[in-house]
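Take a look at the structure set out below.
All values below come from the heavy atoms of this structure, side chains included, with hydrogens, waters and symmetry mates left out.
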Amino acid sequence: MAHASPSLFATHSHFSAIIRRNIPSAGVHSPHIPARPTYLLPLSVSPVACVGVPNLLEAAKRTVDDYIRSGMVVGLGSGCASRLAIEYLGQRLREGVLKDVIGVPTSNFSSSEAKKAGIHLNYYQDSLQIDFAFDDADVIEKGTLTAIIGRRQLEIDESIIEEKSVMKSAKKLAFIIAEKQYARGLDGSIPVLVKSGDWMYTAEEIDDLFLGDAEVWRRPTQGKADPLGGDFPMVTKEGHHILDVIFTSPILDLAKVGENLDQIDGVVDHGVIAGIPCTVIIAAKSGVLTVDNLS
């Protein structure tokens, strides 16, 4: 059995264990068990930039033209693909092709973009009926269409919980992504919202679950990232910390990882969206592809 270096949370005794556990039940595959790197891992993987992504604008246009109708209440996602869709939705409203569409923003970013595009807004509440929603995803698991959101640095008053709530409450949901974001055996980070009072205990539990397969870092609001969140750890508008669980081994079952996180004391929510009927609009080099799990 291979050995892992002491946990980044070395101030807590059971984090110092050097014997690594192989845990296929957690949804992570570890064909090789390398020692943890001694250098600082990046906080998270940034969403793909709009620039240089073939057919992303065409994917955004198709999302609006195929799924949005006059009189709808529409959830407006966050990210570069969503920005393109918001801009195009505003254009279609100005042209009179669509009328009386109400947007429900998922972030300050999408609210600002919608206002610039001339889209009338309402804000999310539990009783609101949302006809359709679109969003970016950081990655989507090929086959299951399980998504990860929330890797981007959040602005003040943004909420992963609210973004997920808008997506989950919509009657129809579409993700707009680039081809390279659609894959099996995903890696990178999953943001996990945890209660702030005893966040380190929760971080220990997550670290134990994925020991050797992932690093657990508390997200900062600014400055250099480190395992404890630096001098300025991020606190969400609901009062939670964000732990970025950064996977260094392929995730073979993203939904299972989400289920395991749900069972940990202190975890409030996370960036995994699983088990929801949805359509994925993929901007590929060959054109725009559409896949869904609606059947």
Considering all heavy atoms of both residues, which atom of [X] and which atom of [Y] are nearest to each other, and what is their separation?
X: V53; Y: A283; result: CG1-CB, 4.4 Å
X: S110; Y: G77; result: CB-O, 3.1 Å
X: A60; Y: A81; result: CB-O, 3.9 Å
X: P105; Y: E162; result: O-OE2, 4.4 Å
X: G143; Y: Y182; result: N-OH, 3.8 Å
X: I161; Y: E238; result: CB-OE2, 4.0 Å

Hydrogens and angles aside, do [X] and [Y] bring a side-chain donor and acceptor to less than 3.5 Å of each other?
X: S82; Y: D136; value: yes
X: T144; Y: E141; value: yes
X: E215; Y: T248; value: no
X: Y123; Y: S111; value: yes

Working to the nearest 0.5 Å, report the span between [atom1] of [X] and [atom2] of [Y].
X: I242; Y: L193; atom1: CD1; atom2: CG; result: 5.5 Å
X: K61; Y: R92; atom1: NZ; atom2: CZ; result: 8.5 Å
X: C278; Y: I273; atom1: SG; atom2: CD1; result: 8.5 Å
X: D65; Y: L89; atom1: CG; atom2: CG; result: 10.0 Å
X: S165; Y: L128; atom1: OG; atom2: CG; result: 11.5 Å
X: I140; Y: L145; atom1: CD1; atom2: CG; result: 6.5 Å

If the threshold is 4.0 Å, N to carboxylate O, is there a salt bridge linking [X] and [Y]?
X: R152; Y: E163; answer: yes
X: K116; Y: E113; answer: yes
X: R218; Y: D244; answer: no
X: E87; Y: R83; answer: yes

Subject >> V97 reachable from I68 in the ILVMFWY side-chain graph, under 4.5 Å edges >> reply: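 No; tracing contacts between hydrophobic side chains, which count when under 4.5 Å, never links both residues.
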Original post:
Do L121 and I86 sit in the same hydrophobic cluster, where Ile, Leu, Val, Met, Phe, Trp and Tyr count as joined when their side-chain heavy atoms come under 4.5 Å apart?
Top reply: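 Looking at the clustering, I86 is in the same group as L121.
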**OP:** Apply side chain to side chain contact (heavy atoms under 4.5 Å, CB included) to T146 and I276, showing your working.
**Re:** CA-CA 8 Å; T146 301; I276 300 176; over 6 Å; no
Original post:
Crowded around K142 NZ? As in, over 12 foreign heavy atoms under 6.0 Å?
Top reply: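 Incorrect, the count does not exceed 12.
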Original post:
How far apart are the C-alpha atoms of Q263 and E259, what are their side-chain angles, what is the distance that settles it, and do they pass the side-chain hydrogen bond (donor to acceptor under 3.5 Å, both in side chains) test?
Top reply: CA-CA 7 Å; Q263 295 169 12; E259 290 172 8; 5.6 Å; no
Measuring only between side-chain heavy atoms, which start at C-beta, is [X] closer than 4.5 Å to [Y]?
X: D131; Y: V74; value: no
X: M167; Y: T106; value: yes
X: V235; Y: H240; value: no
X: L254; Y: L186; value: yes
X: V257; Y: L261; value: yes
X: D187; Y: S249; value: no
X: H241; Y: P233; value: yes
X: L76; Y: F109; value: no

Original post:
Do any pairs count as a side chain to side chain donor-acceptor pair (under 3.5 Å) and have a residue in residues 264-289, sequence neighbours left out, and if so which ones?
Top reply: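 Listed by first then second residue: K164-D269, D262-H270.
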Original post:
What about F247 and F210, are their ring centers closer than 6.0 Å?
Top reply: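 Aromatic pair counts; centres sit under 6.0 Å.
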Are the side chain of [X] and the backbone N or O of [Y] linked by a donor-acceptor pair below 3.5 Å?
X: S70; Y: L98; answer: no
X: D253; Y: K256; answer: yes
X: E179; Y: I282; answer: no
X: R151; Y: P191; answer: no
X: Q181; Y: D138; answer: yes

**OP:** Tell me, with the steps shown, if R219 and L243 meet side chain to side chain contact (heavy atoms under 4.5 Å, CB included).
**Re:** CA-CA 6 Å; R219 187 180 295 188; L243 302 180; over 6 Å; no
Original post:
Which residues pass the ring pair (Phe, Tyr, Trp, His ring centres under 6.0 Å) test with F132, sequence neighbours left out?
Top reply: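 With sequence neighbours excluded, F132 shows a ring pair (Phe, Tyr, Trp, His ring centres under 6.0 Å) to Y67, given in chain and number order.
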Original post:
Run the side chain to side chain contact (heavy atoms under 4.5 Å, CB included) check on V267 and I206 step by step: do they pass?
Top reply: CA-CA 9 Å; V267 169; I206 296 171; 4.3 Å; yes
**OP:** Would you check, one step at a time, whether the test side chain to side chain contact (heavy atoms under 4.5 Å, CB included) holds for D100 with I102?
**Re:** CA-CA 6 Å; D100 303 321; I102 302 296; over 6 Å; no
